[in-house]
Chemist: 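If you scroll down you'll find the structure; I have some questions about it.
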Amino acid sequence: MQTPESAYDRRRLRQWLSGEARADGVSRRDMLRLFAAAGLAGAASVASPGSPAAAATGTAPGTAPGIVKPLPEDLFTVRGTNAETRFASLAHTGYHTPNDRFFVRNHTATPVLSAGDWRLTVWGDGLERHRAVDFSLADLKTLPSVTHSAFVECAGNGRGYFTSQQGQEVSGTAWTLGAIGVARWRGVRLADVLRRAGLGRRAVDVLPRGLDDDYVTADGTNLGRVRRPLPLSKALDDVLLAYEMNGAPLPPDHGHPVRLLVPSWIGIASVKWVGDIQVSARPLYSPWNTDFYRLFGDAHPGGGSAPLTRQAIKSAWELDAGANLTAGVTHRLTGRSWSGAGGVVRVDVSTDGGSNWRAARLHDAPRRDGWVRWSTPWRPPSPGPCTLLARATDTTGRTEPDATVHNTQGYLFDAVVRHAVNAV
């Protein structure tokens with residue numbers, strides 16, 4: 001049974017305040033400054049990763065700084081150092097997102113690493129013998145392999161709608177809904193690797209760290225490499241060290257040679273290009289679960305919410321915003337819906353801005369950690385602007401609301417999106 005995240009977070013906070021926890025790469029003074037800034041200002045005091053202050057701009061079409069793969073304009077919208085999938089490009093692609101159109105979220109730049117030279121070091125006082133253990137890719141492949149279809153989604157997916165739809169100011173990359181993809185991942189269970197390394201009884205936290213460059217904020221603060229602790233209960237549950245994506249070795253932009261896959265949780269937990277994992281007998285903190293990836297703002301606790309874990313519920317149309325559709329002709333409209341809490345069991349759609357709703361046809365069974373594809377016929381009655389809406393419900397009873405409670409960094413947008421099209 002997993003420890004409730006709220007209880008786990010309270011324990012971690014108590015241990016931090018009593019001096020028992022550790023903040024890897026961050027001084028105690030700086031950590032307290034981050035907490036104070038978040039609580040008093042209601043927003044992060046440094047640039048959010050991927051925000052305009054942190055991201056490069058002015059790139060040529062079809063490219064982005066630090067991204068290796070091509071980014072054709074019909075497949076991606078480039079957002080600084082990131083690339084958002086255009087949802088219209090997913091129509092007719094099947095259940096899994098093809099690797100060539102899977103979104104890219106980078107804090108710095110994609111490192112190009114040699115699979116033959118790569119090593120994973122597992123270390124820390126949470127190991128029985130306190131002795132570091134190295135694994136090569138070949139070593140991992142001697143362990144039982146697991147294949148799992150799951151989505152990876154940025155916590156800020158949908159962030160742009162806080163401003164465009166709700167009129168609220170937020171920081172960070174203005175994603176629409178394309179910062180998500182579902183792939184068929186193959187790798188080994190993190191639990192098997194930890195046990196092979198000699199997991200000790202005192203272990204409570206697991207901290208994977210990426211091999212990309214240090215993240216430096218706009219004010220020059222070096223936060224080190226991307227890292228975010230996992231509670232041991234989650235690490236031993238369903239987390240994978242993945243080395244394949246849709247039947248092929250991981251592409252560079254998606255974590256080659258090995259990445260973490262943390263199903264149903266926000267994307268930052270699925271650390272790419274993982275190079276070492278610290279196993280700790282005490283709770284760990286990093287900027288990625290203190291200053292970033294909590295909820296700050298008037299509707300949230302003064303010191304911020306607990307660290308974010310499970311993703312929100314969302315729906316997206318496989319149609320560009322502003323698309324032209326012929327009036328008087330029946331169109332087959334398609335989309336996808338997903339939730340971090342459970343499989344989607346129902347999707348209701350409206351083609352008149354919410355005055356009338358009907359159930360869409362689902363084309364997939366509800367899947368934990370995945371999405372469902374759906375379709376609906378629509379015959380625009382006359383030329384003019386129209387607003388399409390889609391509203392999903394999952395196995396827990398969660399349904400997309402009319403509005404998302406504001407937070408200053410624009411995380412976990414889950415409101416029904418107003419998708420504008422034109423009948424011509």
Chemist: Judged by atom type as modelled, is there a donor-acceptor pair below 3.5 Å linking the side chain of Arg101 to the main-chain atoms of Leu90?
Modeler: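 Here the side-chain-to-backbone pair does not exist.
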Chemist: Could you work out, with side chain to side chain donor-acceptor pair (under 3.5 Å) as the rule, every residue matching Asp394, not counting sequence neighbours?
Modeler: Ser339, Thr396
Chemist: Contact between Arg159 and Phe413 at the side-chain level, heavy atoms closer than 4.5 Å - yes or no?
Modeler: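 A side-chain contact is absent here, since even the closest heavy-atom pair is not under 4.5 Å.
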Chemist: Only counting residues at least two apart or in another chain, list the ones meeting side chain to side chain donor-acceptor pair (under 3.5 Å) with Thr77.
Modeler: none
Chemist: Is it true that the side chains of Arg361 and Ser375 contain a donor and an acceptor less than 3.5 Å apart?
Modeler: no
Chemist: Between Trp288 and Tyr215, is there a side-chain heavy-atom distance shorter than 4.5 Å?
Modeler: yes
Chemist: Please evaluate residues His148 and Asp369 with respect to the criterion side chain to side chain donor-acceptor pair (under 3.5 Å), reporting the C-alpha separation (whole Å), side-chain torsions for both, the decisive distance (0.1 Å), and the verdict.
Modeler: CA-CA 9 Å; His148 184 52; Asp369 314 324; 2.9 Å; yes
Chemist: Run the side chain to side chain contact (heavy atoms under 4.5 Å, CB included) test against Gln168 and tell me which residues pass, sequence neighbours left out.
Modeler: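 Listed in chain order: Phe162, Gln166, His406.
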Chemist: If you apply the rule side-chain contact (heavy atoms from CB on, under 4.5 Å), what do you find for Val417 with Trp317, and how did you get there?
Modeler: CA-CA 9 Å; Val417 170; Trp317 297 84; over 6 Å; no
Chemist: Please step through side-chain contact (heavy atoms from CB on, under 4.5 Å) for the pair Trp265 and Leu230, ending with a clear verdict.
Modeler: CA-CA 11 Å; Trp265 281 30; Leu230 288 171; 3.6 Å; yes
Chemist: Of the non-hydrogen atoms in Ala150 and Leu261, which two are nearest, and what is the gap between them?
Modeler: CB-CD2, 4.3 Å
Chemist: Would you mind reporting whether Val239 and Lys234 have side-chain heavy atoms less than 4.5 Å apart?
Modeler: yes
Chemist: Check for a donor-acceptor pair, side chain of Thr85 on one end and backbone N or O of Phe103 on the other, with a separation under 3.5 Å.
Modeler: yes
Chemist: Could you work out, with side chain to side chain contact (heavy atoms under 4.5 Å, CB included) as the rule, every residue matching Asp213, not counting sequence neighbours?
Modeler: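 Asp213 satisfies side chain to side chain contact (heavy atoms under 4.5 Å, CB included) with Thr108 only.
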Chemist: Are the side chains of Leu319 and Leu388 in contact, using a 4.5 Å heavy-atom criterion?
Modeler: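 Sidechains of Leu319 and Leu388: in contact.
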Chemist: Indicate whether any N or O donor in one side chain lies under 3.5 Å from an N or O acceptor in the other, for Thr376 and Arg358.
Modeler: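 Per modelled atom types, Thr376 and Arg358 side chains form a pair under 3.5 Å.
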Chemist: Should we say atom CG of Asp74 is surrounded by more than 12 heavy atoms from elsewhere, each under 6.0 Å from it?
Modeler: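 Count over threshold, so yes.
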Chemist: Working note: Trp338 + Val372, criterion side-chain contact (heavy atoms from CB on, under 4.5 Å); need CA distance, chi angles, decisive distance, verdict.
Modeler: CA-CA 7 Å; Trp338 61 96; Val372 297; over 6 Å; no
Chemist: Using every non-hydrogen atom in the two residues, find where Cys154 and Gln311 come nearest and quote the distance to one decimal.
Modeler: O-NE2, 3.2 Å
Chemist: Restricting to salt bridge (charged side-chain N to carboxylate O under 4.0 Å, His left out), what partner residues turn up for Asp352, sequence neighbours left out?
Modeler: none
Chemist: Verify, without hydrogens or angle tests, whether Glu84 (side chain) and Thr176 (backbone) share a donor-acceptor contact under 3.5 angstrom.
Modeler: yes
Chemist: Does any part of the side chain of Trp371, heavy atoms only, come nearer than 4.5 Å to the side chain of Thr97, both counted from C-beta?
Modeler: yes
Chemist: Can you check whether Gly116's main-chain N or O pairs, donor with acceptor, with Ser114's side chain at less than 3.5 Å?
Modeler: yes
Chemist: Using side-chain heavy atoms (C-beta onward) and a distance below 4.5 Å, is Ile67 in contact with Phe76?
Modeler: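 When only atoms from C-beta onward are counted, Phe76 and Ile67 do not touch, as no gap falls below 4.5 Å.
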Chemist: Considering residues at least two apart in sequence or located in another chain, which fulfil the salt bridge (charged side-chain N to carboxylate O under 4.0 Å, His left out) criterion with Arg373?
Modeler: Asp364
Chemist: How close do Tyr285 and Arg294 get, counting heavy atoms only, and between which atoms?
Modeler: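 The answer is CE2-NH2, 4.0 Å.
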Chemist: In chain order, what residues pass the salt bridge (charged side-chain N to carboxylate O under 4.0 Å, His left out) check against Arg346, with sequence neighbours excluded?
Modeler: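 Asp348.
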Chemist: Closer than 3.5 angstrom, by distance alone: can the side chain of Thr147 be matched with the main-chain N or O of Arg186 as a donor-acceptor pair?
Modeler: no
Chemist: Quick one: do the His300 and Asn407 side chains pair a donor with an acceptor below 3.5 Å?
Modeler: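 No pair is found: no donor N or O on one side chain lies under 3.5 Å from an acceptor on the other.
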Chemist: Among residues at least two apart in sequence or on other chains, which ones pass side chain to side chain donor-acceptor pair (under 3.5 Å) with Thr142?
Modeler: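 With sequence neighbours excluded, Thr142 shows a side chain to side chain donor-acceptor pair (under 3.5 Å) to no residue whatsoever.
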Chemist: Among all residues two or more places apart in sequence or in another chain, which pass the side chain to side chain donor-acceptor pair (under 3.5 Å) test with Arg86?
Modeler: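 Listed in chain order: Asp320.
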Chemist: Could Arg336 and Phe151 be counted as a cation-pi pair, given that NZ or CZ must be under 6.0 Å from the ring centre and within 45° of the axis?
Modeler: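 Cation-pi check for Arg336 and Phe151: fails.
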Chemist: Before you tell me yes or no, could you show the steps for Ser264 and Arg310 under side chain to side chain donor-acceptor pair (under 3.5 Å), namely the whole-Å CA-CA distance, both residues' side-chain angles and the distance that decides it to 0.1 Å?
Modeler: CA-CA 6 Å; Ser264 78; Arg310 291 194 177 274; 2.5 Å; yes
Chemist: For Asp139 and Arg196, run salt bridge (Lys or Arg N to Asp or Glu O under 4.0 Å): C-alpha distance rounded to whole Å, both residues' side-chain angles, the deciding distance at 0.1 Å, then the answer.
Modeler: CA-CA 11 Å; Asp139 292 332; Arg196 180 67 64 91; over 6 Å; no
Chemist: Specify the closest pair of heavy atoms between Ala392 and Val344, including all atoms of both residues, with the distance to one decimal.
Modeler: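 Heavy atoms of Ala392 and Val344 come nearest at CB-CG1, 4.0 Å.
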Chemist: Does the side chain of His92 come within less than 4.5 Å of Glu318's, by heavy atoms?
Modeler: no
Chemist: Would you say Trp357 and Leu389 make side-chain contact, with heavy atoms under 4.5 Å?
Modeler: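 Yes, their side chains come closer than 4.5 Å.
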Chemist: Would you confirm whether Asn157, through its side chain, and Ala179, through its main-chain N or O, come within 3.5 Å as a donor-acceptor pair?
Modeler: yes
Chemist: Any side-chain to backbone donor/acceptor pair from Asn289 onto Pro229? Under 3.5 Å, distance only.
Modeler: no
Chemist: If you compare all heavy atoms of Thr404 against all heavy atoms of Ala415, which two are closest, and at what distance to 0.1 Å?
Modeler: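 Taking every non-hydrogen atom into account, OG1-N, 3.0 Å.
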Chemist: Between Val349 and Trp374, what is the shortest heavy-atom contact and its length?
Modeler: CG1-CZ3, 4.0 Å
Chemist: Which donor-acceptor pairs under 3.5 Å do the side chains of residues 267-277 make with protein atoms, sequence neighbours left out?
Modeler:
unit_1: Ser270; atom_1: OG; unit_2: Val262; atom_2: N; d: 2.9
unit_1: Lys272; atom_1: NZ; unit_2: Arg105; atom_2: O; d: 3.0
unit_1: Lys272; atom_1: NZ; unit_2: Asn106; atom_2: OD1; d: 3.0
unit_1: Lys272; atom_1: NZ; unit_2: Asp253; atom_2: O; d: 2.9
unit_1: Trp273; atom_1: NE1; unit_2: Pro252; atom_2: O; d: 2.7
unit_1: Asp276; atom_1: OD1; unit_2: Arg209; atom_2: NE; d: 3.0
unit_1: Asp276; atom_1: OD2; unit_2: Trp123; atom_2: NE1; d: 2.9
unit_1: Asp276; atom_1: OD2; unit_2: Arg209; atom_2: NE; d: 3.4

Chemist: Show the numbers, then the answer: is there a side-chain contact (heavy atoms from CB on, under 4.5 Å) between Arg367 and Tyr95?
Modeler: CA-CA 12 Å; Arg367 299 190 191 186; Tyr95 186 83; 3.4 Å; yes
Chemist: Strictly below 4.0 Å, N to O, side chains only: are Asp238 and Arg368 in salt-bridge contact?
Modeler: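 Salt bridge flag = yes for Arg368 with Asp238.
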Chemist: Cut-off 3.5 Å, no hydrogens considered: what does the side-chain donor-acceptor table look like for residues 378-387, sequence neighbours left out?
Modeler:
unit_1: Trp378; atom_1: NE1; unit_2: Thr351; atom_2: OG1; d: 3.3
unit_1: Arg379; atom_1: NE; unit_2: Gly328; atom_2: O; d: 3.0
unit_1: Arg379; atom_1: NH2; unit_2: Gly328; atom_2: O; d: 3.1

Chemist: Relative to the ring of Tyr411, is the ring of Tyr293 parallel (under 30°), tilted (30 to 60°) or perpendicular (over 60°)?
Modeler: parallel
Chemist: Check for a donor-acceptor pair, side chain of Asn246 on one end and backbone N or O of Arg184 on the other, with a separation under 3.5 Å.
Modeler: yes
Chemist: So, the side chain of Gln165 versus the backbone of Ala403: is there a donor-acceptor pair under 3.5 Å, distance only?
Modeler: no
Chemist: Considering residues at least two apart in sequence or located in another chain, which fulfil the salt bridge (charged side-chain N to carboxylate O under 4.0 Å, His left out) criterion with Glu400?
Modeler: none
